[in-house]
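Accompanying notes for the structure given below.
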Amino acid sequence: MQMPLKYDASQVENKWYDYWMKHNYFHSEPDEREPYTIVIPPPNVTGVLHMGHMLNNTIQDVLIRRARLLGKNACWVPGTDHASIATEAKVVAKLKEQGIDKNDLSRDEFLKHAWDWTNEYGGVILQQLKKLGCSCDWDRTKFTMDDDMSEAVIKVFVDLFNKGLIYRGYRMVNWDPEAKTTLSDEEVIYEERQGNLYYLQYKIEESTDTLTIATTRPETIFGDTAICINPNDERFVNLRGKKAIVPISNRVIPIIQDDYVDMEFGTGCLKVTPAHDENDKNLGDKHNLEVIDIFNEDASLNSFGLHYEGKDRFVARKEIVKELEEHGFLVKTEMHTNKVGTSERTKAVIEPRLSDQWFLKMEDLVKPAIKAVLVDEDIKLFPKKFENTYRHWMENIRDWNISRQLIWGQQIPAYYYGDGKDDFVVAETIEEALELAKQKTKNQQLTIANMLQDNDALDTWFSSWLWPMSVFDGIRNPENNDIKYYYPTNDLVTGPDILFFWVARMIIAGYEYKGEKPFNNVYLTGLVRDKQRRKMSKSLGNSPDALKLIDNYSADGVRVGLLLSSAAGNDLMFDETLCQQGKGFGNKIWNAYRLVDGWEVNHTIPQPESSKIAIAWYESKFQKALIEIEDHFSKYRLSDALMAIYKLIFDDFCGWFLEMIKPAYQQPIDAETLKSVMAIFEDNLKIVHPFMPFLTEDIWHYIKERTPQEALIVSKWPESKPVNETIISEFEFASEVISGIRNIRKEKNIVFKDAIGFSVINNEKSHTTFDTIISKMGNLEAIDYVKEAIEGALSFRVKSNEYFVPMAGSIDLQVEIKKLTEELNYTEGFLKSVQKKLSNERFVAGAPEQVIVNERKKEADALAKIETLKTSLASLG
RNA sequence: GGGCGCAUAGCUCAGUUGGUUCAGAGCACUUGGUUUACACCCAAGGGGUCGGGGGUUCGAAUCCCUCUGCGCCCACCA
C-alpha cells in the first residue's frame, strides 16, 4: 500500500476508532483469561471534557491497552455521574432563565426538566473520550441514576438502616441559603474576609454591672441563650451565677462557666448562640441551653428577629449595629479578618444551621478500610505519600451526612405515616413500607396514601461509593458472573482531591458489601495547571479547548504531551509545546517507516556483517529498554516509561540502528536484514501503542495486509529475551569512537562523503565487533591497527586507546600538544583524587567491596590513559 | 494553630538502602550542517556550591538539626 508523505491524523484516527469499534475489541466478557479491570471515575453527566479528564483518561487507556497486549481480558467500564448539586444547580439556573421558579414546580415536574437536560447534554463527554482514543467497553456504559443503579443505592440504604448504622439527627450542618440545601464540609470553601468585631454591652439582671462581649455577628443576639465565662477568670467573679439581659429583645439569659472560653480573646465573655454555631451548640448541649433558631431557609430573620423579621442577615446586621449604637449598647468596633465558609457551588456564605438530617455511622465501617491501606497494604496508593493524608482523615472520621435537600438524586426511602418524630419506616418500596408501618402501628387502616416519602435526596457520593460493585450489578445480584469475574478491579485512576469523597468511601463500601477491596491500586494524578502554576479553570479561561488541541496535535500527540511530564501525584504544568513534541514523535516514527518502506529488496545479495551486528545490538538494546519499561510500569511511573520508549525510538532506533543498516543511496537492501528490521519495527509499534494507539495501528497495517484478528490493538506484547550486555557495552565504546571521528570532521570541515583514513593503537585490546559499523558511520577508508603513533595526523583518545586521522599537511603541532597536555593534567588530577581515597585506611576498611573494586578500576584506567598521553606527547616532540 | 510534603540546569522533573554509571533526562538555548526518511531533522556545545547555615561520616543531593520560601490537608476561637 502506498504511504502518504505526511501523516494525516484527523482521518486516520477516526478510521481506526471505527475499526476497533466495529470489531468489538473494547468489549469484554468473562472468560478463562486473567481479567484486568478499570472502572472510570464517572464524570458529571452534563460536563464537558477538560484537561483533567484528558490526563486521567489517557492514563487509564494506556493501562488498559497495555493489559490487553499482555493478553489479559481488559475491561474498562465507562459511565457518568448524576452529580446532584452541580446538575440541579444548572437545571435551576436554566429554568430561571426561562422565568420558571423551581419552587413552583412539583417534584415530578422538576425531575422531568432534569431528565430532559440530562438526555440533551448527558454523554457528550463520553463522545469526547472517544476522540481521545479511549478504549472503553461502551456496551457497559452506566449512569448513577440508571434504574438498576438507583435500586442498588436504595437497597444499601435500607440495609444500613436495618443494621442500625443510619440514623436521623438534629445536627449542625452547613446550610447554603441560596441553594437552600445542606453542603458537606468538603463542599465548603473558607475565604479570608475583612469584617468587624463588635463589642456589645449586656446589662446584668438586678445589678448595675454590665458585661461586654465581642462578636462578628451582632444579628445573632436574638438567638443568644447564655453568656459564658471561663471559671478561672478572676475578672468576672462578680458575674458568676448572675443573669444577663440581651439588648433589644430584653430576654434574660443565664451566665454559665466553661473553660472552653479563651480568656485572651475578645473580652473573655462569650455569647452563646446554640442554633448558629457549632461550638455554641456543643456548649448548649453540655449546659442544657435553649436553642433559638432565628433564621428562615433563605437566611432572612424569622419572628425571633422581632422587627427585623423578613430581612436578610447582612441587611439586618447593618441595621442592628445602628440600633445598638443608638441605644448605647455598642462599645466599640474593631477591624477583624476571619475566615468565612462559602459554598463551592453558589459562593453564598454558609450558615451553620440545625436541621434534620440522615447520618451514617462511620466509626466501625471505616476499620477494614484503614487496615487494608495502612496495615495490610492490600490496597496501594501511588504515590505513597497520600497514605498520610488518608490516615489523617480516616482516623478522625465523623459521621457522614448523607441527605441533601435536593430533588435530583435517589430519594431517601423513608416513609412517614404520622406526625411524630419516629413515625416513619424505611423500605425499598412504598408497598413494603406500608406493610412495615402496619406492623409497627398495628393499624390496618393505613393506605399508600398515608405514606409520605422523605423529601430529601441522597448525597451523590452515596451512589458513587458503590460504583465498582454496582456497575457489575454486584449489589442486587451478588452471585452474577460479571461481579465474580471482574471484582476486585485492578487500578483506579483519579485525582487526590476526591481521595476522601470517593476513594475512601468505595473502599469502605467494598469491604462492607463484598468483604473485599474494590481495587488493588490507586493511581492519584496531579492537577493540570498552566505555565504560571494556576489551576486550570473555566473562570480563569486558561484551560485550552480539549477537542481543539486534538485537532491541532492529534489525539496521539496530546496523549504523549500530557504524559511526558506528569509523574503520579505531581501537578502537571501544561504547555502546548509538549503536545507539539508528542506530534513530532509521531512524525518521527512515521518517517522512519517511510524510509524502511521505500527500500528495494534484493534477494541475492548477502547480509553485510555490519547489519548482523546492528540487529544483534538493537535487539539487546530493545530488551534492556523493555526491562526498564516494565519496571516503570510496575511502579506506575508512566512518564518515565514513555520517556524510555521515546529515547529508544528516537535515539537508538532512528539515530543509530537505521543509520547502521541503511543501504547506500539508491542501493537495495538484502532480504535477511529487511526481514529483521520489519520484525523490530513491529515490536517498536507494540510498545508505543498504549501511548499512541492510532498512529501505531495505522503503520501496523502498512507493514503487511492483516486480518482484523491481527490488529495491533489485540496483538501480543514483545517477548522477553536475555540481554547481551557485552554487545551493548561494546557499542558504547564504538559510539565514542564515532563521536571522535565526527568531531575531527567538524573541526576540519571534512564533509561526510569524503572517506578518511583511520588508525588505532588498541591499548584496551577492545573487540573489533563494531569495526564495520564504525567504518560505515564514519565513512572510513579502512581501520588500521598500528603500534606507533601516526605522524601528521589528528588524534583523539577513548579510554587508553588512541585514534589517528591522517591529515595532509595542516597539523598545528602546538595545538595538538596543548590539547594533550590539558587532557593529561585533568587525568592526573583525577588519578590523584582516586588514589587519595584508596590510601585512606578508613575508606578501605569501611567501604563495601564493590566500591573499592570500582575505585581500583578507575585508578587502573587513569594510569593507562596517562601512559597513552605521555607516549603521544613524547612522539610529538 | 495542628499535620503532611516540597526546594536539584532557564523550564518541567529523575536521582531506590549514603559509595560504579552522581551531579542526570527531556525541553529551551548557542554553534554548525539539507540534492540521498524526517529542519516536526542531524551533529556538537554551554549551563547547577543540589534553597541558606550547621552537624554526623573515611565519604552527603541523599541522614540529623536549624533558618528561609512554597504547596496541600485538617481545625478554624467568638
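Chain A is the first sequence line, chain B the second, and so forth, proteins listed ahead of strands; every chain is numbered from 1.
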(request) With P as the reference atom in both, quote the distance from G53(B) to A9(B) in angstrom, rounded to an integer. (result) 16 Å
(message) Between Glu278(A) and Lys281(A), does any side-chain N to carboxylate O distance fall below 4.0 Å?
(response) no
(request) Please state how far atom CD1 in Ile256(A) lies from atom C1' in A78(B), giving the value in whole angstrom units. (result) 13 Å
(request) Flag the pair His276(A) / Asp280(A) as yes when at least one side-chain heavy-atom distance between them is below 4.5 Å, and no otherwise. (result) no
(request) Measure up the Phe796(A) and Tyr803(A) rings against each other and bin them: parallel (under 30°), tilted (30 to 60°), perpendicular (over 60°). (result) parallel
(request) Rounded to the nearest angstrom, tell me the gap between atom CD1 in Ile750(A) and atom P in G32(B). (result) 19 Å
(message) Tell me the interatomic distance from Leu211(A), atom CG, to A78(B), atom C1', rounded to whole angstroms.
(response) 14 Å
(request) Let me know the distance between CD1 of Ile397(A) and P of A75(B), rounded to the nearest Å. (result) 12 Å
Below 3.5 Å between N/O atoms, which protein atoms pair up with nucleotides 3-9 of chain B? Just atom names and distances, please.
from, atom 1, to, atom 2, distance (Å)
C4(B), O3', Asn388(A), ND2, 3.2

(request) Whole angstrom is fine here: how far is it from CD1 in Ile629(A) over to P in A25(B)? (result) 19 Å
(message) According to side-chain contact (heavy atoms from CB on, under 4.5 Å), who are the partners of Lys857(A), at least two apart in sequence or on a separate chain?
(response) Asp861(A)
(message) Please report the distance separating the P of U57(B) from the corresponding atom of A75(B), rounded so that it comes out in whole Å.
(response) 44 Å
(message) Tell me which residues in residues 641-654 of chain A lie within less than 4.0 Å of RNA chain B, going by non-hydrogen atoms.
(response) Met643(A), Tyr646(A), Lys647(A), Phe650(A), Cys654(A)
(request) Please report, rounded to the nearest Å, how far the P atom of C72(B) is from the CZ atom of Arg391(A). (result) 22 Å
Short N/O separations, protein against nucleotides 43-49 of chain B, under 3.5 angstrom:
from, atom 1, to, atom 2, distance (Å)
A44(B), OP1, Ser739(A), OG, 3.1

(request) Pick the C1' atom in C50(B) and in C6(B), then give their distance to the nearest Å. (result) 14 Å
(request) Work out which heavy atom in Ala592(A) is nearest to a heavy atom in Cys654(A); give both atom names and the distance. (result) CB-SG, 3.8 Å
(message) Taking the minimum atom-to-atom distance to the side chain of Arg637(A), which one of G15(B), C41(B), C73(B) wins?
(response) G15(B)
Atom pairs and distances, side-chain donor-acceptor, residues 553-561 of chain A, under 3.5 Å, sequence neighbours left out:
from, atom 1, to, atom 2, distance (Å)
Tyr553(A), OH, Glu576(A), OE1, 2.7
Ser554(A), OG, Gly557(A), N, 3.0
Asp556(A), OD1, Phe694(A), N, 3.3
Asp556(A), OD2, Leu695(A), N, 2.8
Arg559(A), NE, Phe691(A), O, 3.0
Arg559(A), NH1, Asp61(A), OD2, 2.8
Arg559(A), NH1, Leu132(A), O, 3.0
Arg559(A), NH2, Asp61(A), OD2, 2.9
Arg559(A), NH2, Pro690(A), O, 2.8

(request) Side chain of Phe500(A) only, please: which of C38(B), A78(B), C73(B) is the nearest? (result) C73(B)
(request) List in chain and number order the residues that pass side-chain contact (heavy atoms from CB on, under 4.5 Å) with Glu747(A), two or more places apart in sequence or in another chain; answer none if no residue qualifies. (result) Lys819(A)
(message) Test of understanding: with ring-ring contact (aromatic ring centres under 6.0 Å, His included), list the residues that count as partners of Tyr390(A), not counting sequence neighbours.
(response) none
(message) Does Val596(A) reach a base, just sugar-phosphate, or nothing at all? Heavy atoms under 4.0 Å.
(response) nothing
(request) Name the nucleic acid region contacted by Lys6(A), choosing base, sugar-phosphate or nothing; use a 4.0 angstrom heavy-atom cut-off, strictly under. (result) base
(message) Measure CZ/Phe585(A) against P/C27(B) and give the value in whole Å, please.
(response) 11 Å
(message) Suppose you measure atom P in G59(B) against the same atom in G18(B); what distance do you get, rounded to whole Å?
(response) 16 Å
(request) Classify every nucleotide of nucleotides 16-23 of chain B by which part a protein heavy atom approaches to under 4.0 Å, writing B for the base, S for the sugar-phosphate alone and - for neither, in 5'-to-3' order. (result) B--BBS--
(message) Name the residue from Tyr618(A), Phe650(A), Phe731(A) that meets the ring pair (Phe, Tyr, Trp, His ring centres under 6.0 Å) definition with Trp656(A).
(response) Phe731(A)
(request) Please measure how far the C1' atom in A43(B) lies from the corresponding atom in U62(B), and state the result in whole Å. (result) 36 Å
(message) Could you measure the distance from the OG1 atom of Thr696(A) to the CZ atom of Phe681(A)? Nearest 0.5 Å is fine.
(response) 10.5 Å
(request) May I ask you to say what Glu659(A) touches in the nucleic acid, namely base, sugar-phosphate or nothing, with a heavy-atom cut-off under 4.0 Å? (result) base
(request) State the dot-bracket string of RNA chain B. Criteria: Watson-Crick or G-U wobble, both atom distances under 3.5 angstrom; notation: ( ) intrastrand, [ ] crossing earlier pairs, | interstrand, . unpaired. (result) (((((((..((((.....[....)))).(((((.......))))).....(((((..]....))))))))))))....
(request) Please report the closest heavy-atom contact between Gly495(A) and Thr525(A), naming both atoms and the distance. (result) CA-OG1, 3.9 Å
(message) Holding to ring-ring contact (aromatic ring centres under 6.0 Å, His included), I want the full list of residues that pass it with Phe236(A), two or more places apart in sequence or in another chain.
(response) none
(request) List the atom of Ile645(A), the atom of Ile629(A), and the distance in Å for their closest heavy-atom pair. (result) CG1-CD1, 3.4 Å
(message) Counting C-beta onward and ignoring hydrogens, is there a side-chain heavy-atom pair between Lys776(A) and Met660(A) closer than 4.5 Å?
(response) no
(request) Return the value, rounded to whole Å, for the distance between atom CD of Gln580(A) and atom C1' of A39(B). (result) 13 Å
(request) For residues Ser611(A) and Ile661(A), determine if any side-chain heavy atom of one lies less than 4.5 Å from a side-chain heavy atom of the other. (result) yes
(message) Roughly how many Å apart are G10(B) and U16(B), using the P atom of each and rounding to a whole number?
(response) 22 Å
(message) Rounding to an integer number of angstrom, what distance separates U49(B) and U31(B) when you compare their P atoms?
(response) 24 Å
(request) Could you work out the separation of A23(B) and G32(B) based on their P atoms and round it to a whole Å? (result) 32 Å
(message) Applying ring-ring contact (aromatic ring centres under 6.0 Å, His included), can you list everything that pairs with Tyr198(A), at least two apart in sequence or on another chain?
(response) none
(message) Apply side-chain contact (heavy atoms from CB on, under 4.5 Å) to residues Ile221(A) and Tyr202(A) and explain how you reach the verdict.
(response) CA-CA 10 Å; Ile221(A) 62 169; Tyr202(A) 285 49; 3.3 Å; yes
(message) Applying ring-ring contact (aromatic ring centres under 6.0 Å, His included), can you list everything that pairs with Phe752(A), at least two apart in sequence or on another chain?
(response) none
(request) Determine: side-chain N/O of Lys753(A) to OP1/OP2 of U34(B), distance under 4.0 Å, yes or no. (result) no
